[in-house]
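Some notes on the structure that comes next.
Residues take their numbers from the sequence shown, with the count starting at 1.
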Amino acid sequence: NAFKRRYFSLQQLPDGSYALNYWKDERKDNLKGSLNLEGCLSASKLPSSSNHSSSSSSGGGKFVIELHFVSKQVLQVAADKEGDQEDWTDVLQRAITASNSVDTLSCYRTKLFYRNT
């Protein structure tokens, strides 16, 4: 499956868990979906040699992050830049392990690509 460009925002929910919301474009007019991270075990960067490299203009990303869920589902998202990959991996891992305390993670927004594996 090819990556599709989507724009993501991490939001802390009232129960203290986090959701990864995504839209088709930057306007964020219509929410395309929301992934509750409550059942997510980890967020990890794929090594560069494992990344699927294709140009951003064709909808592919090359800096891949894998989200592993209790259900054994694996979701891949990818950033345009290595720095974004590192930032998102850190923020997602912190959200996964976060307690119910209020956190600044709720303001993290940028574009990523995603695909189901």
Side-chain angles (χ1 to χ4, degrees):
N1 291 344
F3 282 100
K4 297 177 183 179
R5 183 180 299 271
R6 296 293 183 256
Y7 294 82
F8 285 78
S9 173
L10 186 64
Q11 175 188 14
Q12 188 172 26
L13 303 175
D15 68 358
S17 65
Y18 287 87
L20 197 55
N21 300 319
Y22 59 98
W23 295 263
K24 188 172 183 175
D25 56 41
E26 291 179 279
R27 293 181 305 202
K28 296 184 179 154
D29 291 336
N30 297 315
L31 184 68
K32 290 289 285 183
S34 183
L35 303 167
N36 191 319
L37 297 181
E38 189 173 1
C40 192
L41 299 171
S42 67
S44 58
K45 297 186 302 183
L46 284 186
S48 298
S49 61
S50 301
N51 293 339
H52 303 279
S53 61
S54 58
S55 78
S56 299
S57 61
S58 68
K62 57 183 174 180
F63 297 100
V64 178
I65 303 164
E66 283 191 340
L67 299 171
H68 295 265
F69 290 85
V70 172
S71 65
K72 307 266 190 235
Q73 178 188 14
V74 177
L75 176 73
Q76 290 184 335
V77 294
D80 284 327
K81 297 180 237 164
E82 188 173 15
D84 289 341
Q85 177 198 36
E86 291 177 12
D87 291 345
W88 267 104
T89 302
D90 178 58
V91 167
L92 288 167
Q93 191 57 51
R94 286 176 32 211
I96 291 164
T97 58
S99 65
N100 289 336
S101 63
V102 175
D103 198 310
T104 59
L105 297 176
S106 60
C107 296
Y108 200 81
R109 299 171 189 261
T110 191
K111 68 179 179 215
L112 290 174
F113 304 92
Y114 84 100
R115 73 172 165 202
N116 282 314
T117 57

Ser42 side, atom OG; His68 side, atom NE2 - distance, nearest 0.5 Å: 5.0 Å
Please enumerate all residues that pass side-chain contact (heavy atoms from CB on, under 4.5 Å) together with Asp25, with sequence neighbours excluded. Arg27
Under the side-chain contact (heavy atoms from CB on, under 4.5 Å) test, which residues partner Lys24, sequence neighbours left out? Arg6, Lys32
Applying the side-chain contact (heavy atoms from CB on, under 4.5 Å) test to Leu41, which of Thr97, Ile96, Val70 qualifies? Val70
Looking at Asp80 and Lys62, what are the two nearest heavy atoms and their distance? O-CE, 4.1 Å
As an exercise, state the distance from OH of Tyr7 to CD of Glu26, rounded to the nearest 0.5 Å. 4.0 Å
Would you call Phe69 and Leu75 a side-chain contact if the rule is heavy atoms closer than 4.5 Å? yes
Trp23 and Ser9 have their tightest heavy-atom pair at CZ3-CB, 3.5 Å
Hey, does the side chain of Gln85 reach the backbone of Ala79 with a donor-acceptor pair shorter than 3.5 angstrom? no
Where Val77 and Phe3 come nearest, the two heavy atoms and their spacing: C-CE2, 4.2 Å
Check ion pair Lys81-Asp87 (N to O, under 4.0 angstrom): no
Tyr18 and Cys40: side-chain contact (heavy atoms from CB on, under 4.5 Å), yes or no, with the steps? CA-CA 10 Å; Tyr18 287 87; Cys40 192; over 6 Å; no
More than 12 foreign heavy atoms under 6.0 Å from CG of Asp29: is that the case here? yes
Rounded to the nearest 0.5 Å, how far apart are CG of Asp15 and CG of Asn36? 7.0 Å
By salt bridge (charged side-chain N to carboxylate O under 4.0 Å, His left out) - contacts of Glu86 (at least two apart): Lys45
Considering all heavy atoms, the nearest Ala43-Ile65 contact: CB-CG2, 4.4 Å
CD of Gln12 to CG of Leu37, rounded to nearest 0.5 Å, is 11.5 Å
Within-4.5 Å side-chain heavy-atom neighbours: Trp88 and Leu20: yes
With side chains defined as the heavy atoms from C-beta onward, is the minimum distance between Glu38 and Leu13 less than 4.5 Å? no
About how many Å separate CD of Gln93 and CG of Leu67, when rounded to the nearest 0.5 Å? 9.5 Å
Measure the CG-CD distance between Leu35 and Gln73 for me, rounded to the nearest 0.5 Å. 8.0 Å
